[in-house]
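A quick write-up on the structure given underneath.
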Amino acid sequence: MKSKLGLYFINMGGIDSVGYCARAQPRIAVSMDHNLDQWRAIKSASPNTFVIGRCYVEDSQQQFQDDPEGRAESFFSRMRPDAEKMRGVYDAWMSYNETVISSPDEARLLSRFHVRWGDLMRAAGLVSCAYSFATGNPDLSLWQYLAEGLRHCDILSLHEYGSPTMDKDQSWFCLRYRRIWDLLPSASRRQIAITECGIDGGTSGRVNDGWRKFTSDAGYLTTLHWYDLEIQRDAYVIGAAIFTVNGWG
């Protein structure tokens, strides 16, 4: 089966993104660089690449506890100009990124945010990717309170990392999505997009250590290949975007 891996683009300046996509035909790409001409060229070169956009918001601005519906409306208004510009080029959009929740009450509030945001996205003819939780989050016991938000959205977005290799502590970090899938009621099950993946030292207490601190180029390719073969087994997984490529080096 063809690889389900792709890349996460923060900034495409100085990167031959069109050439890469023409050669690799990646299954998925995540973009924070909403360059219409560039992405039109990429989609022309690789029409089957599923492109997910992200509207960047500072963590401090990702509020939802005080007024979930109002915050969802504000976020939708903020992202809509880019969503309209990229309509027909991007296939879906992420919501808030790596929101932290630690209680049933917070989970219910975040679910309400996604009910409203998902409804607004559908009314506008846009595809929504809910949650985008960080690796290993939230606690599995909280998914029962998040299911309603998923029912109003189109795709479940998750992040999965491991270290020193991606198969270390599998199903608690990488492949955790299978546990989540099993926990969700059938009405809330959605296709899953892994919008960030790779090696990250945060899973073993070495925060900010990237893959080069753990392995060689060949070693990284080996662990990515393992992960790719695993996600190919699950038809409900759209693909996984390796974090990250950008023009800063």
Side-chain angles (χ1 to χ4, degrees), residues 1-12 15-56 79-80 82-98 114 117-118 121-122 124-133 150 152-161 174-178 180-181 184 188-198 224-225 227-246:
M1 184 182 292
K2 190 180 186 305
S3 174
K4 284 190 174 183
L5 296 180
L7 289 177
Y8 187 121
F9 294 90
I10 291 180
N11 181 294
M12 295 189 293
I15 297 168
D16 183 15
S17 54
V18 179
Y20 157 74
C21 290
R23 292 189 303 273
Q25 300 288 303
R27 179 68 188 93
I28 193 172
V30 176
S31 173
M32 289 173 57
D33 187 344
H34 313 313
N35 183 318
L36 180 57
D37 291 339
Q38 190 89 335
W39 281 106
R40 277 179 173 162
I42 289 172
K43 288 292 274 191
S44 178
S46 184
N48 295 319
T49 298
F50 192 87
V51 183
I52 300 173
R54 177 185 165 195
C55 173
Y56 179 77
M79 63 170 287
R80 186 160 191 178
D82 280 331
E84 294 297 344
K85 180 179 76 170
M86 305 304 289
R87 187 183 287 274
V89 181
Y90 284 3
D91 298 286
W93 282 86
M94 292 167 59
S95 64
Y96 281 176
N97 186 68
E98 297 196 341
H114 282 86
W117 181 71
M121 292 286 283
R122 286 180 179 174
L126 298 167
V127 176
S128 58
C129 297
Y131 295 129
S132 300
F133 286 121
L150 266 179
H152 289 255
C153 292
D154 303 305
I155 294 168
L156 172 57
S157 166
L158 297 169
H159 298 168
E160 295 207 332
Y161 293 95
C174 289
L175 308 184
R176 185 186 182 89
Y177 70 80
R178 290 175 179 163
I180 295 164
W181 178 268
L184 289 169
S188 296
R189 285 179 175 167
R190 296 290 182 266
Q191 283 190 297
I192 294 174
I194 307 300
T195 47
E196 291 185 22
C197 75
L224 285 167
H225 181 59
Y227 188 63
D228 191 17
L229 291 177
E230 287 293 327
I231 63 176
Q232 286 180 36
R233 294 171 53 193
D234 299 311
Y236 56 87
V237 176
I238 296 171
I242 303 165
F243 190 87
T244 178
V245 64
N246 61 71

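None of these values were measured; they are calculated from a predicted model.
The distance from atom CG of L36 to atom CE of M86, rounded to the nearest 0.5 Å, is 5.0 Å. Interatomic distance, Y236 OH to I155 CD1, rounded to the nearest 0.5 Å: 15.0 Å. One finds the OH atom of Y96 at 11.0 Å from the CH2 atom of W117 (value rounded to the nearest 0.5 Å). In this structure, the separation between CG on L184 and CG on L150 is 6.0 Å, given to the nearest 0.5 Å. To the nearest 0.5 Å, atom CG of residue N97 and atom CZ of residue F133 are 11.0 Å apart. Note that CD of Q191 is 10.0 Å distant from SG of C129, once rounded to the nearest 0.5 Å.
At least one side-chain heavy atom of R87 sits under 4.5 Å from a side-chain heavy atom of L126. Put simply, the side chain of Y20 does not reach to within 4.5 Å of the side chain of V245, judged on heavy atoms. Counting only heavy atoms from C-beta outward, the side chains of I52 and I28 approach each other to under 4.5 Å.
Residue pairs meeting the salt bridge (Lys or Arg N to Asp or Glu O under 4.0 Å) criterion with at least one partner in residues 1-12, sequence neighbours excluded, are absent. Within the structure, the salt bridge (Lys or Arg N to Asp or Glu O under 4.0 Å) test picks out the following pairs touching residues 19-46 (sequence neighbours left out): K43-D91.
Minimum heavy-atom separation, W93 to C55: CZ3-N, 3.9 Å. For R190 against C153, the heavy-atom pair with the smallest separation is NE-O, 2.8 Å. Across all their heavy atoms, C21 and S46 have their closest contact at O-CB, 3.5 Å. Taking each heavy atom of I194 and Y177 in turn, the nearest pair found is CD1-CD2, 4.1 Å. For the pair A240 and I231, the tightest heavy-atom approach, listed with the atom from each and the gap, is CB-CD1, 3.8 Å. Taking every heavy atom of both residues into account, P26 and T49 meet most closely at O-OG1, 2.6 Å.
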Could you go through S132 and H159, starting from their C-alpha distance and side-chain angles, then the distance that decides it, and tell me whether this counts as side-chain hydrogen bond (donor to acceptor under 3.5 Å, both in side chains)?
CA-CA 6 Å; S132 300; H159 298 168; 4.7 Å; no
Determine whether T195 and R54 satisfy the following criterion, side-chain contact (heavy atoms from CB on, under 4.5 Å), listing intermediate values before the conclusion.
CA-CA 10 Å; T195 47; R54 177 185 165 195; over 6 Å; no
Show your reasoning for whether side-chain contact (heavy atoms from CB on, under 4.5 Å) applies to I42 and W39.
CA-CA 5 Å; I42 289 172; W39 281 106; 3.6 Å; yes
side-chain contact (heavy atoms from CB on, under 4.5 Å) between I10 and F243: does it pass, once the steps are laid out?
CA-CA 9 Å; I10 291 180; F243 190 87; 4.2 Å; yes
The test is side-chain contact (heavy atoms from CB on, under 4.5 Å); show your working for D234 and W181 and say whether it passes.
CA-CA 11 Å; D234 299 311; W181 178 268; over 6 Å; no
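With hydrogens and angles disregarded, a donor-acceptor distance shorter than 3.5 Å links the side chain of T244 to the backbone of Y8. Without hydrogens or angle criteria, S3 side chain to L5 main chain gives a donor-acceptor distance under 3.5 Å. Checked by atom type and distance alone, the side chain of S128 pairs as donor or acceptor with a backbone atom of D154 at under 3.5 Å. A side-chain donor-acceptor contact under 3.5 Å links E160 to the backbone of L175. Checking side-chain atoms of S95 against main-chain N and O of A130 turns up no donor-acceptor pair under 3.5 Å.
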